[in-house]
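Comments concern the structure below.
Treat the numbers as computed from the prediction; the structure is a model and nothing was measured.
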Amino acid sequence: MTTITSITSTMTASFLGSFVEVVEAFTIILAVGVTQSWRPAFIGTGLALAVLAVLVLAFGPLLGLIPVEILQFAIGTLLILFGMRWLRKAILRAAGFIALHDEEKAFAAEKDALARQSADRRADFLAGTAAFKAVLLEGVEVVFIVIATGTKPGMLPYAAIGALVACIAVLVIGLLVHKPLSSVPENTLKFIVGLLLTAFGIFWVGEGLGTAWPGEDLSLPVLFLGLAAFSFIAVRWLRQYHDLHAEPVAR
């Protein structure tokens with residue numbers, strides 16, 4: 001049954017997950033455009049989007065041939081693994097074990113690499129290839145997020161809308177500030193996305209196994225809050241452990 005809760009949770013998970021991936025792709029495209037030229041950046045991006053469109057058109061209809069219970073169980077399992085990977089890294093970053101990802105540094109590193117290639121006769125090709133690979137890689141993850149968050153019957157269009165809004169938001173913000181989206185709290189976004197995807201994964205694995213969730217879709221916020229509480233406790237404990245075992249800074 002389609003409810004406001006299921007629509008909102010689906011669109012939110014798809015938006016946040018897609019937003020993170022699109023920011024990473026946009027950083028590379030911007031570095032290519034600023035360092036080399038916008039022509040290879042746009043060509044590489046266009047080709048990657050064309051490949052993604054072909055993949056979706058080719059494999060999308062096949063999903064309708066799979067029984068929904070099997071699809072929910074399979075996607076739910078993958079979603080738990082995918083979400084837990086994000087959540088694990090977000091927890092370790094928040095606790096200080098892993099450095100926070102810095103889009104501005106990523107932009108600078110990509111820009112430097114492209115600048116070193118600028119004297120090469122294949123500079124445009126190499127720059128376009130960098131844009132192509134970034135958009136294709138992150139685009140595949142966006143497609144996966146849309147399919148995963150839209151697994152429940154009737155939810156795929158809402159998941160697609162969430163991803164589309166994320167793409168538009170990143171594009172608009174990028175055009176306005178014309179710099180990497182370094183002000184975006186990426187680890188916070190990944191933390192939330194990890195929680196959402198893991199909660200969705202648990203929910204759909206349960207549905208695939210025939211579990212009758214109390215309150216149906218209303219179980220999703222409960223799963224999310226339960227995972228959030230556990231994660232915050234883990235961050236607090238790991239941060240204390242990290243502080244106790246950190247090497248003293250030499251003065």
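- Atom-to-atom distance recorded for Ile91:CD1 and Met84:CE is 7.0 Å, nearest 0.5 angstrom.
- No side-chain heavy atom of Leu225 sits less than 4.5 Å from a side-chain heavy atom of Leu195.
- Using a 4.5 Å heavy-atom cutoff, the side chains of Trp213 and Leu223 are in contact.
- Here Phe132 pairs with nothing under the ring-ring contact (aromatic ring centres under 6.0 Å, His included) rule; sequence neighbours left out.
- Judged by distance alone, with hydrogens and angles left aside, the side-chain atoms of Ser14 form no donor-acceptor pair with the main-chain N or O of Gly162 at under 3.5 Å.
- Of the candidates Ile43, Leu47, Leu49, Leu49 is the only one forming a side-chain contact (heavy atoms from CB on, under 4.5 Å) with Thr45.
- Residues forming a ring-ring contact (aromatic ring centres under 6.0 Å, His included) with Phe230 (at least two apart in sequence, or on another chain): none.
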_ring pair (Phe, Tyr, Trp, His ring centres under 6.0 Å) assessment of Phe191 paired with Phe232_ = CA-CA 10 Å; Phe191 207 114; Phe232 289 134; 5.5 Å; yes
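- The nearest pair of heavy atoms linking Ala48 to Leu136 is CB-N, 3.7 Å.
- Expressed to the nearest 0.5 Å, how far CG of Leu164 lies from CD1 of Ile168 amounts to 4.0 Å.
- Closest non-hydrogen pair, Val205 versus Ile80, comes out as CG2-CD1, 3.9 Å.
- If you chain together hydrophobic residues whose side chains sit under 4.5 Å apart, Leu209 and Ile202 fall into the same group.
- Note that CD1 of Ile161 and CD1 of Ile7 are 9.0 Å apart. Values are rounded to the nearest 0.5 Å.
- For Val142, the side-chain contact (heavy atoms from CB on, under 4.5 Å) partners are Ser18, Glu21, Val22, Val146, Ala163, not counting sequence neighbours.
- Note: Lys133 NZ to Glu138 CD = 12.5 Å, rounded to the nearest 0.5 Å.
- Contact detail for Ala94 and Val235: the closest heavy-atom pair is CB-CG1, 3.9 Å.
- Here the straight-line distance linking atom CG of Leu87 with atom NZ of Lys89 works out to 12.5 Å at 0.5 Å rounding.
- Here Cys167 contributes atom SG and Phe26 contributes atom CZ; the two are 12.0 Å apart, rounded to the nearest 0.5 Å.
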